[in-house]
2 protein chains.
Amino acid sequence: MIIKVELAKCCRMLNPGPTILVSSRKDENSNVMAAAWNTTIDFSPPKVAVVIAEGTYTRELVDQTGEFVVNIPTRQLAQATLDVGHISGRDVNKFERYKLETFPGEKVAAPLVKGCMGWLECRVIPEPHIQKTYDLFIAEVVAAWADDRCFEDGRWKLPPRELQSLHYIAGGNYLVGSEMVSFELPE
Amino acid sequence: MIIKVELAKCCRMLNPGPTILVSSRKDENSNVMAAAWNTTIDFSPPKVAVVIAEGTYTRELVDQTGEFVVNIPTRQLAQATLDVGHISGRDVNKFERYKLETFPGEKVAAPLVKGCMGWLECRVIPEPHIQKTYDLFIAEVVAAWADDRCFEDGRWKLPPRELQSLHYIAGGNYLVGSEMVSFELPE
């Protein structure tokens, strides 16, 4: 079941350092990218920082809307998380291509990806200098959600195996629990 | 054995999202703090971003020197990592109190903590606005080192159990491999 996470506790959701999916939407156009480079930076109000590279379609949509969703994918989405990181949303609808289902958020238009363990709806805090210089986006979390098999009483607990978080290593490899999970990089 | 990591590959060292120890030194004064809130932000030149709260002794030393070391602690340092996060270096020498041994780096004066899996020597890139507003420090990695039982051919591999990385959850709990490792919070 998906539960609402109180904002005072949502800063804990990125503490373990998972690889995330960043989803975005402008009108009928939506996209999703993978990002290992993310962190919480504050608890009140909760804020995150995410690297969104210049030239990507996600960057274009986030620049236009000032919004995105941080989705925390699980083992069952490991291949899709790898796949969406190696193709541009300008060329293909990644949700259709990789059969990623979504559901709507509460505060932002960007879609939430099903099968994740948690979701942070985010509004960008404009910081033009660091966005331009470092591709770094600071955002306030305005709503947060979690799968209650993974998150309880305001913190993560040990999830079922298929809902373990992904921790990117390099070259198609993730650390997932105590395992190295390897995929072929897409061509 | 500790090996030098080429700077082109060191950006991968924080990919899995470990909790880190930030060590600092000014003349005869040194300190160490724990930080779950960290991320790589660039690969060339390699850069990291770390939250260093205002008012902390680490912040004072980093402000004075423009340098710090990111140490990536392991299971064998889990209790110490928790402990150093709950006491101020103004009140006690944490290295002595928690029996943390160190060795010198190559490019910065801050000490490297023994028993870690990797080390990033960092020089702050001055960004006064985001330092003041978000306690966020951007730094360039100027030298990097790793334990060769954990890092090989430019990437992390599955380490021996005692050298697994720590991923902070909340309230004295870490995700370490597939286990939740719990400690009593220090008084």
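Within every chain, numbering begins at 1; the chains are lettered A, B, ... in the order of the sequence lines, protein sequences first and strands thereafter.
Across all their heavy atoms, A/M180 and B/W156 have their closest contact at CE-O, 3.8 Å.
Summarising the geometry, atom CH2 belonging to B/W37 is positioned 10.0 Å from atom CG belonging to A/L14; distances are rounded to the nearest 0.5 Å. To the nearest 0.5 Å, atom OH of residue A/Y168 and atom OG1 of residue B/T40 are 13.0 Å apart. With rounding to the nearest 0.5 angstrom, the CD1 atom of B/I41 is 11.5 Å from the OG1 atom of A/T39. Rounded to the nearest 0.5 Å, atoms CG (A/N15) and NE2 (B/H167) are 12.0 Å apart. Taking CG of B/L175 as the reference point, atom CD of A/Q164 lies at 8.0 Å (rounded to 0.5 Å).
Residue B/F151: no heavy atom, backbone or side chain, is found under 4.5 Å from chain A. Looking at B/K9, there are no atoms closer than 4.5 Å to chain A (heavy atoms on both sides), in backbone or side chain. Both the backbone and the side chain of B/L158 have a heavy atom closer than 4.5 Å to some heavy atom of chain A. Contact of B/I169 with chain A is made through backbone and side chain together, with heavy-atom distances under 4.5 Å.
Counting heavy-atom pairs closer than 4.5 Å to chain B, the top residue among A/H129, A/K47, A/K157, A/R161 is A/H129. The choice from B/T19, B/D135, B/I138, B/L136 that makes the most heavy-atom pairs within less than 4.5 Å of chain A is B/I138.
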